[in-house]
Amino acid sequence: MALRASFFVLAVCAPAMALAGQTSSRNTPGTNPPAHANPPSAILRPSLEILQTAIGEMTLDKWKASPAIRTEADGNLRSVQRDLASTLPPLLAGADAAPDSTAKTLAVYRNVEALYDVMLRLDAAGRLAAPSNQISALDQALASLSDARRALGDQVQANAENQEARVIHLQAALKAVPPPAPPPAPVACIPPPPKKKVARPAAKPAAKPASPNSSTPSH
């Protein structure tokens, strides 16, 4: 389980580390950091590590609960594991790769909201039946995830407000541009008068040469 957690942390954190390095190299002292200085994976990474550790410590066979409660808890536990292993990582990678996309960050936020709801049910069941160490791990993971989803929600709102401000600025700039001058009126083109044809005199027919018999005298 610890090996699986290590692979998960690397899969989630690698895009964030690469993007953080690129962002820090572009920023210079005295300039305002860009709106996407904190990618979603950087915001969620600490809570996801705590959650992954807590899920790895869950042993339902030690829960003092009815089979129905254990079955429901097992379903919630598997749902959290699937989300952490296959659903959430590609969403985080897409949001990190497109920091200006509010839609991609919102997709991560909605997934975290659903993950939090499942953790609420799992934590509630654990409080009734789990050993104290597992209850403590679930409580810590739930509290950390709650803080992370609230920070991610603030990030979504900030990105949306920044994009709205840019749109308003562009609209105002477009309205300030004067309209183009109308094109000049077309000048009427009067064709020149047609040239008069000059009649040429008919060619005279050429004179026929005299016959040789008519010019010889008779004896």
Side-chain angles (χ1 to χ4, degrees), residues 1-17 19-20 38-98 101-160:
M1 200 71 184
L3 182 59
R4 186 185 304 173
S6 300
F7 279 122
F8 169 80
V9 172
L10 288 175
V12 171
C13 300
M17 294 171 63
L19 184 61
N38 293 324
S41 61
I43 297 174
L44 296 175
R45 181 172 62 249
S47 64
L48 294 180
E49 292 175 352
I50 296 174
L51 177 59
Q52 185 72 20
T53 302
I55 294 300
E57 295 177 358
M58 293 298 106
T59 51
L60 298 182
D61 56 345
K62 294 183 179 180
W63 286 28
K64 297 178 180 180
S66 64
I69 293 179
R70 286 188 181 182
T71 301
E72 182 181 359
D74 182 68
N76 291 330
L77 185 62
R78 292 178 183 274
S79 177
V80 173
Q81 290 173 334
R82 285 195 304 269
D83 190 85
L84 294 178
S86 59
T87 305
L88 187 55
L91 294 177
L92 284 173
D96 288 350
S101 175
T102 302
K104 291 186 179 298
T105 307
L106 182 60
V108 175
Y109 177 77
R110 293 178 63 182
N111 181 272
V112 173
E113 281 284 309
L115 181 62
Y116 181 77
D117 290 340
V118 177
M119 282 298 300
L120 275 176
R121 296 193 295 269
L122 186 61
D123 182 72
R127 286 176 175 272
L128 298 175
S132 59
N133 62 321
Q134 296 186 33
I135 295 176
S136 177
L138 287 174
D139 288 345
Q140 183 183 6
L142 186 64
S144 179
L145 187 63
S146 177
D147 294 340
R149 74 187 181 102
R150 186 162 46 248
L152 185 62
D154 294 341
Q155 179 87 343
V156 172
Q157 182 175 355
N159 288 345

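Bear in mind the structure is a predicted one, so any value in this text is a computation, not a measurement.
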What is the distance from atom CD1 of Ile69 to atom CG of Asp74, rounded to the nearest 0.5 Å? 13.5 Å
Could you measure the distance from the OG1 atom of Thr59 to the CG atom of Asn133? Nearest 0.5 Å is fine. 7.5 Å
To the nearest 0.5 Å, atom CG of Asn76 lies from atom CG of Asp123 at 11.0 Å
Return the CG to CD1 distance between Leu138 and Ile135, rounded to the nearest 0.5 Å. 8.0 Å
Grab the two heavy atoms, one from Leu60 and one from Ala73, that are nearest each other, plus how far apart they are. CD1-C, 4.1 Å
Given 3.5 Å as the limit, does a donor-acceptor pair link the side chain of Gln155 with the main chain of Asn38, or not? yes
To the nearest 0.5 Å, what is the distance between CG on Asp147 and CD1 on Ile43? 12.5 Å
To the nearest 0.5 Å, what is the distance between CG (Leu44) and CG (Leu115)? 9.5 Å
Would a 4.5 Å heavy-atom cut-off, applied to side chains only, mark Leu84 and Gln81 as touching? no
For residues Pro40 and Leu152, determine if any side-chain heavy atom of one lies less than 4.5 Å from a side-chain heavy atom of the other. yes
Could you report the tightest heavy-atom contact between Tyr109 and Val156, atom names first, then the distance? CB-CG2, 4.3 Å
Give me the atom names and distance for the closest heavy-atom approach of Arg45 to Ala42. NH1-CA, 3.7 Å
Test side-chain contact (heavy atoms from CB on, under 4.5 Å) on Leu106 and Asn159 and set out the steps. CA-CA 10 Å; Leu106 182 60; Asn159 288 345; over 6 Å; no
Side chain to side chain donor-acceptor pair (under 3.5 Å) involving Asp139 - partner list, sequence neighbours excluded: Arg127
Restricting to non-hydrogen atoms, name the atom on Leu91 and the atom on Ala107 that form the minimum distance, rounded to 0.1 Å. CD1-O, 4.1 Å
Closest contact, heavy atoms only, Gly94 versus Lys104: O-CD, 3.4 Å
List the atom of Ala148, the atom of Ser47, and the distance in Å for their closest heavy-atom pair. CB-OG, 3.2 Å
For the pair Ser146 (side chain) and Leu142 (backbone), establish whether a donor and an acceptor sit closer than 3.5 Å, ignoring hydrogens and angles. no
The complete set of side chain to side chain donor-acceptor pair (under 3.5 Å) pairs with one or both residues in residues 60-72, sequence neighbours excluded, reads Trp63-Gln134
